[in-house]
Amino acid sequence: MVHVGIGYDVHPLVEGRKLILGGVEIPHPKGLAGHSDADVLMHAICDALLGAMGLADIGHFFPNTDPRWRGVASRMFLEEAARQAVFQEGRIVNVDATLIAEQPKIIPYVDAMRTNVAKALGISFKRVGIKATTHEKLGFLGREEGIAAMAVASVDMPG
Ligand code: MG
């Protein structure tokens with residue numbers, strides 16, 4: 001039985017932080033603030049996977065009050081979601097995500113992001129979709145105050 005899950009995340013853009021999206025460091029005057037590396041794309045994908053498996057959200061597995069997760073690469077969170085799939089005798093079918101960012105342009109980095117996500121989840125490149133859109137200059141995303149990501153995931157589960 002294929003189960004689907006949804007994930008959403010947003011982090012503020014601030015000066016003095018690296019911009020890490022899908023495990024790729026992207027040259028940009030600002031980066032995302034957060035307890036970990038604030039990789040909003042990987043966080044949304046992680047929540048989609050956890051949701052597909054009927055598990056609690058990323059904040060439950062990796063509380064932002066726990067110093068162990070301070071500054072860590074969010075790849076670890078995806079690796080944990082993949083481990084949870086193994087525990088449940090599930091098989092990740094695919095993930096698909098959309099980044100919402102006014103700047104920078106994401107397209108040049110999409111294949112590297114897909115490679116990183118696929119590797120962390122132990123699935124093939126073609127099972128990872130990553131797309132990007134702007135927010136047409138509207139609202140906090142349009143004013144470049146933050147970057148958001150939404151994701152869906154499907155996991156083939158025994159029941
Ligand atoms: Mg997050």
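The figures that follow rest on heavy atoms only: side chains count, while hydrogens, waters and symmetry mates do not. One-based numbering, in listed order, for ligands and for the atoms of each.
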Shell check on the Mg ion (ligand 1): protein N, O or S atoms less than 2.8 Å away are D9 OD2, H11 NE2, H43 ND1
Determine which pairs satisfy ring pair (Phe, Tyr, Trp, His ring centres under 6.0 Å) with at least one residue from residues 110-151, sequence neighbours left out, and list them in order.
none
Could you list all the ring pair (Phe, Tyr, Trp, His ring centres under 6.0 Å) pairs where at least one residue sits in residues 9-56, not counting sequence neighbours?
H11-H43, H43-F77
For Q84 and E80, which I'm curious about, is there any donor-acceptor pair between the side chains at under 3.5 Å?
yes
Anything under 3.5 Å between a donor and an acceptor, one on a side chain of residues 47-58, the other on a protein residue two or more places apart or in another chain? List them.
{"residue": "D47", "atom": "OD1", "partner": "I58", "partner atom": "N", "Å": "2.8"}
{"residue": "D57", "atom": "OD1", "partner": "G59", "partner atom": "N", "Å": "3.1"}
{"residue": "D57", "atom": "OD1", "partner": "H60", "partner atom": "N", "Å": "3.3"}

Donor-acceptor pair, side chain of D37 and main chain of G71, under 3.5 angstrom:
no
Do the charged groups of R83 and E79 touch, with an N to O distance under 4.0 Å?
no
